[in-house]
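Reading through the structure tokens given below for one structure.
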Number of protein chains: 2
Amino acid sequence: MDKPSDKGPSETRPGKGPGASGGGSGEGGRPDARAEAAGRPTLKTIAFMTGLGVTTVSRALKDAPEIGVETRRRVQLVARQVGYRPNRAGVRLRTGKTNVISLVLNTEEQIGGFVSDMIYGISEYLAQTPYHLIVTPYSRNNDPLEPVRYVVETGSADGIIISRTEPDDKRVRYMLEHGFPFATHGRTEIGTEHAYHDFDNHAFAQEAVKKLAGLGRKRLALLAPPSPLSYHHHMRNGFLDAMEEFGLAEVPFNTVTVDHSIERIRARTLQLMQRPNPPDGIVSGGGGATFAMVAGIEDAGLKVGTDIDIVSKQSAKLLHLFRPELYVVNEDVRLAGRELARSVIALIDGAPAASLQSLSAPGPVLARGE
Amino acid sequence: MDKPSDKGPSETRPGKGPGASGGGSGEGGRPDARAEAAGRPTLKTIAFMTGLGVTTVSRALKDAPEIGVETRRRVQLVARQVGYRPNRAGVRLRTGKTNVISLVLNTEEQIGGFVSDMIYGISEYLAQTPYHLIVTPYSRNNDPLEPVRYVVETGSADGIIISRTEPDDKRVRYMLEHGFPFATHGRTEIGTEHAYHDFDNHAFAQEAVKKLAGLGRKRLALLAPPSPLSYHHHMRNGFLDAMEEFGLAEVPFNTVTVDHSIERIRARTLQLMQRPNPPDGIVSGGGGATFAMVAGIEDAGLKVGTDIDIVSKQSAKLLHLFRPELYVVNEDVRLAGRELARSVIALIDGAPAASLQSLSAPGPVLARGE
DNA sequence: GCGCGGGGCTGTAACGTTACAGCTTGCGAG
DNA sequence: CTCGCAAGCTGTAACGTTACAGCCCCGCGC
């Protein structure tokens, strides 16, 4: 019923009668002279210059063995001379390969956000590859799964890097189910292996407690990451393990996390310090949060290094300038970026996920000038 | 002359003997049933579902007037139902439009880097557009022009955002010459109009000096940005203008800029404060740098708010926690990101560059709790 | 002298999209 | 009745790349 009319597909062409099947070839074979014109060189340009076919040029450029060695060299020489760069859209359309890695980011304001370092790290690694870095954002009101689904569904990248990983992360489940290459900043507790890089927050918290215990502190509090996140548990477990080891008592410091606003952390800390048995030592999971926390402590009229000691993780190196009495452990987020980038690419190239898992040991607990 | 070869288009297909040119019909006209199969829907899928031609569907989806109103609605309905999303590679290959904005970044470690905010701002704006954000890095040893040239030459983005703008910026000249849409964070002194967003560093420095003069400070120093950058001059001129207005003397504080390392700034500040006539007021162009500078001041045994007053610009809001005696002026980098994104897109859409220039007035000089 | 194999190269089609140049059909004017 | 025209739809080619299925020719075995 909705068939088109009966005429053949090519009757408007100037062509050839019946039995055309053998003909052609010859002159039609070479790309015409216009290829030589302005604009970016394409395979066609090189084909024209070398007198070869586009296919040959394509194969020669990727060192295919069925192209003669001399031809290969000749093509590569010409390609280099004219500054040939494969057209990404062409490759992508044909092969589905995007040569893009997507970094999925929560764009909420985060104090002391280490996102720049992460990006620098990733860029640093990608610079030696043909990959580009694309930033895919989501905001609090959106489902964190949404950007991931978008990238996977539209195939707009070959791999994804996510952070703020949860123990049972649905983004991870989704990507695993879809066989999509990804690496997470932080571990999960999902059975299936996947690529990750993580800072050893368990060890960090242990070392921090050990330090405070060594300083003679008895009542310790932990300013932890938000409880949904994986590293909340790592840090908390490390904290509790060491607390038990040293026989110390925890002063609860919940209702607030390293992700809360400066005002909130500050107010809550003040409150905490004014209660009957305030902590005399705090382990802080975030550099920015430590600023706010110290402010709260001082609001209460107490002094860091005297009334209380603090061991804090930091990614920017500003805490010692802030209060020299603070003890700090540095987290190298740039390194994390590099590792994550390396992992996704390796994964894309077929490496097994289990071999792409790394844990970054915390450096020593540093006092002032160290 | 460049007619296609003479043979029929379908000789390798399973069909049809000689004389095929008239026949064929039927099945050839409509996209075949396989279009219906799995995978992402394409125009072909919708064409098949609606019984229309691919062209019609394409036109209908962009509301072309030559498609009947009812057809248009029908196509759009189906497209929505099946979750059609144009294939970016297809569009890009055909039209050259990438729907990508490139943010060109120096990946040097910068203290207190505001890059995250910039990215958040850009993302925030791009979220309501079809554009993606791609980060194109360069490191110190590379020519800053290189990434720009790369993007322009390979057409890997429709527009570029750059920062660290210089008065006679060669990247800007290059993009102007090539008619490539771009927006700069910071102004230039190049004759040709171009899109920019800038913080009014002249006004900032003026207000800062005014504040310090009001506090009775007489010998002021300026911790400025690196001299090649445009905003070095703005800030410096604002500083000097106000100094003259209030009849104050400048204490030279060169050989160091807001971009130097913490150690360098700290050491240089100590040195400065130990000289015969140290400044009793400082204007600082960078939040991170102020941390280091204050450390240097305190190394010299002096106290901020007593021996010396400081007015500093900041993008993260940590300075008041650091030393409550500091006076601060906030710079909203996220806003800058939003503005810059808005500008490039407008430019791409044909708006005149002269209408896409904005200057962000500094907020008031804030004391402690304010 | 012929057939065969393979090295070295080739064209075609396809990925999904859009610009372009038609093709129908219906309708009103002549 | 024919023509012209416009509305509405159509197929083809092309963007640059790669998978695929050849093609040609040479040298070798028999």
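These numbers were taken from a predicted model, which means no experiment stands behind them. Within every chain, numbering begins at 1; the chains are lettered A, B, ... in the order of the sequence lines, protein sequences first and strands thereafter.
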In whole angstrom, give the distance that lies between atom NZ of Lys44(A) and atom C1' of dA14(D).
8 Å

Between CD1 of Ile101(A) and CD1 of Ile348(A), what distance do you get to the nearest 0.5 Å?
4.0 Å

When you check the gap from the basic side-chain N to the acidic O, do Arg342(A) and Glu339(A) get nearer than 4.0 Å?
yes

Scan residues 64-73 of chain A against DNA chain C and write down, sorted by residue number, each residue with any heavy atom closer than 4.0 Å; if none is found, say none.
Glu66(A), Ile67(A), Gly68(A), Thr71(A)

Mind checking the CG-CD1 spacing from Asp169(A) to Ile162(A)? Nearest 0.5 Å is all I need.
4.5 Å

When the distance from CG of Leu61(A) to C1' of dG16(D) is rounded to whole Å, what number comes out?
13 Å

Donor on one side chain, acceptor on other, Thr107(A) and Ser123(B), under 3.5 Å
no

Is the number of heavy atoms from other residues, nucleotides or ligands within 6.0 Å of CZ (Arg85(B)) greater than 12?
no

So which protein N/O to nucleotides 18-25 of chain D N/O distances come out below 3.5 Å?
residue : atom : partner  : partner atom : Å
dT18(D) : OP1  : Lys62(A) : NZ           : 2.8
dT18(D) : OP2  : Ser58(A) : OG           : 2.7
dT18(D) : OP2  : Lys62(A) : NZ           : 3.4
dT18(D) : O2   : Arg94(A) : NH1          : 2.1
dA19(D) : O4'  : Arg94(A) : NH2          : 3.4

Within 6.0 Å of CD in Glu66(B), more than 12 heavy atoms from elsewhere
yes

Spacing of Leu93(A) atom CG relative to dT17(C) atom P, expressed in whole Å
9 Å

For Asn99(B) and dG16(C), what is the distance between atoms CG and P respectively, to the nearest whole Å?
18 Å

Whole-Å gap separating P (dT17(D)) and CG (Asn87(B)):
16 Å

I need the residues from residues 75-83 of chain A with at least one non-hydrogen atom less than 4.0 Å from DNA chain C; give them sorted by number, or say none.
none

Would you mind reading off the distance between Phe48(B) atom CZ and dG16(C) atom C1', rounded to a whole angstrom?
18 Å

Does atom CD of Gln128(A) have more than 12 heavy-atom neighbours, drawn from other residues, nucleotides or ligands, at distances under 6.0 Å?
yes

Measure the spacing between NE2 of His132(A) and CZ of Arg88(A) and express it to the nearest 0.5 Å.
3.5 Å

Could you tell me the separation between the NZ atom of Lys97(B) and the C1' atom of dC15(D), rounded to a whole number of Å?
17 Å

Within the structure shown, what part of the strands sits under 4.0 Å from Thr42(B) by heavy-atom distance: base, sugar-phosphate, or nothing?
sugar-phosphate

Quick check for you: to the nearest 0.5 Å, what is the distance between His185(A) atom NE2 and His197(A) atom NE2?
5.5 Å

Return the OH to OG1 distance between Tyr150(B) and Thr154(B), rounded to the nearest 0.5 Å.
4.5 Å

CZ (Arg40(A)) and OG1 (Thr45(A)) are apart, to the nearest 0.5 Å, by 10.0 Å

